Amino acid sequence: MKLQILTTLIPALVPLIHAAPARRDTENPGLRGSESLLGYSSSNKGGGSSPPDIKYTLLPGQKEDPKIGSYLDFEKADNPQPIRGSTGSDDPGPRNYNYDRINSDKLAPPGTDHGQTINAQWPMGKFDYLVGESQLGQDGAGWARQENVNVMPDATLMAGVDMRLEPAGYRELHWHVAAEWSLVLNGSCRIQAVNENGETFIDDVVAGDVWFFPPGIPHSIQALDDGVEFLLVFDDGDFSEDNTFLASEVFLHTPKEVLSKNFGLDVSAFDKIPEDELYIFKGTPAPADIEKQNVKTSAGLVPRTESYSYHFSEQPAHEVAGGSVKIVDPLTFPIASNFSAAVVTVHPGGMREVHWHPTSDEWTFFISGQGRATLFTAPNAATTFDYRGGDVGYFPKSNSHYIENTGDEDLVFVEVLQAPSFTDMSLGQWIGSTPKQIIADTLNLSNDTLSKLKPEKQYVVAGKST
Ligand SMILES: *[C@@H]1O[C@H](CO)[C@@H](O)[C@H](O)[C@H]1NC(C)=O
Ligand SMILES: *[C@@H]1O[C@H](CO)[C@@H](O)[C@H](O)[C@H]1NC(C)=O
Ligand SMILES: *[C@@H]1O[C@H](CO)[C@@H](O)[C@H](O)[C@H]1NC(C)=O
Ligand SMILES: *[C@@H]1O[C@H](CO)[C@@H](O)[C@H](O)[C@H]1NC(C)=O
């Protein structure tokens, strides 16, 4: 009703407002200044004083040629300044020192950065936690935070959610339009599903394990005794946790007469169903013996070759010079038809080598440590981003990038692709496997340098810790 009155009044008022001459606020004269302050006034007192005296100490790498672009650890710097070599100048503010200290490559970008790329960094910490409602006065049961195109508009192929469930906490029975791939980050949980043939699935997964639920397959997740935190990746940048099909909601929005007919039960059987969604909530603890929850029907179990889980935590990592890599993709986990991932560990000083993914964008989640990456986009745009545990990175198909450890502990992250197998193009391997004459003609490298190029893919190279 109110809305109607407003919409009919506003059109009538608009011409009046525009026609009315500007009037002084006679009730509060102190709110505005006098007309004598308009431009060209004799009261203009600009200039005449000396520039502010800003005290700071430059870091050693800050005086180098900007094209060397070493990482500058501003967290430990005294009053960090946007200076590289002879470029940039000091900044008296306004500025957010907390932000500047953890985004060194924004404050003083390497001299090789140029133009504008997409934004390839977003901290989950900037998302309002979706908190699980407590039921019947219980304590909170967990939380979730998410990344999608609302916050990273160019990350269209995938979106992600970081979720925590307290012991016995549930992610309510649900399904969604997107496919869901998950990496358990901490603790353990029991996952359960029924497929379109009525075949049943139940399994316990621990930190480092992976699961996958195809579009439309209803499933639930319940934390075991130690609680659980997991990462979810969806094959749709538009995905939102707010748009999943929940068991509670499908019951709430189906006429009770229909529910009664559907299940062959009296209407009163549904008298006490929840009056609102449950989403994240505490339940009774799952029985320790998983066999007690193994529902056996005439349809049987989901065949092992179509298992929704992969015990990736038990797969040893492939050790390389600067760290380690392990891959899980449909070659070994077939149900996850288009999800290919690598969990990468980079030791201090090391670096995930410069590479790109020929067939897919890369969605990255930083699990621990800190690092930086430069996204290079044709023809000549390059931006360097800094990352910490809990941040999301995004590197479009065929756009080259590296990930360098900038801290003093291991950097761990997961690269997720939409591809039937995990593939990457290594800059080093390409250059090292191309006829030397072509490389010499193109890059003007010395014969000595040419002789040292390696034809092998390195994945993670070692380096000196800063
Ligand atoms: C889970 O987090 C706790 C608290 O930080 C830590 O002590 C524990 O080692 C983690 N577990 C795993 C498997 O990462
Ligand atoms: C797999 O992902 C790619 C994008 O990288 C997409 O073009 C393709 O359609 C997807 N394939 C399937 C079977 O979903
Ligand atoms: C290659 O480098 C040498 C110096 O090492 C320089 O004299 C020469 O002009 C360069 N050639 C090209 C094509 O840039
Ligand atoms: C580099 O190697 C090429 C091919 O072996 C040779 O022709 C050229 O003279 C060498 N250049 C130098 C500076 O030694």
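Remember, it's 1-based here, ligands and their atoms both numbered in the order they're listed. All values reported here derive from a predicted model rather than from experimental measurement.
With rounding to the nearest 0.5 angstrom, the CD1 atom of Ile191 is 14.0 Å from the CZ atom of Arg171. In this structure, CG in Leu231 is found 7.0 Å from CD1 in Ile367, a value given to the nearest 0.5 Å.
Neither the backbone nor the side chain of Asp235 has any atom closer than 4.0 Å to an atom of ligand 2 (non-hydrogen atoms only).
Applying the 4.0 Å criterion to heavy atoms of Asn447 picks out, from ligand 4, the atoms 1 (C), 2 (O), 3 (C), 8 (C), 10 (C), 11 (N), 12 (C), 14 (O). Every atom of ligand 2 with a heavy atom of Thr359 under 4.0 Å away is listed here by number and element: 5 (O). Residue Asn444 has at least one heavy-atom neighbour below 4.0 Å for each of these atoms of ligand 3: 1 (C), 2 (O), 3 (C), 8 (C), 10 (C), 11 (N), 12 (C), 14 (O).
When distances from atom 5 (O) of ligand 4 to the protein are checked, no heavy atom turns up under 4.0 Å. Distance check for atom 2 (O) of ligand 4: a protein heavy atom is found below 4.0 Å. The protein does not reach atom 9 (O) of ligand 2 closely, with no heavy atom under 4.0 angstrom from it. Within the 4.0 Å cut-off (strictly below), a protein heavy atom is located near atom 12 (C) of ligand 4.
The side-chain tip of Arg95 does not point at the ring of Tyr99 from less than 6.0 angstrom away and within 45° of straight on.
For the pairing with Ser309, the side-chain hydrogen bond (donor to acceptor under 3.5 Å, both in side chains) check across Asp209, Asp204, Asp203 returns one residue only, Asp203.
Look at Lys454 and Glu353 and you find no salt bridge, because none of the NZ, NE, NH1 or NH2 atoms lies under 4.0 Å from a carboxylate O.
Selection from Asn338, Asp361, Leu417 by nearest heavy atom to atom 14 (O) of ligand 2 gives Asn338.
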message: Show, in sequence, the C-alpha distance, side-chain angles and deciding distance for Glu180 and Trp211, and conclude whether the side-chain hydrogen bond (donor to acceptor under 3.5 Å, both in side chains) test is met.
response: CA-CA 8 Å; Glu180 166 183 312; Trp211 78 68; 2.8 Å; yes
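When ring centroids are compared, Phe366 and Tyr387 come within the 6.0 Å threshold.
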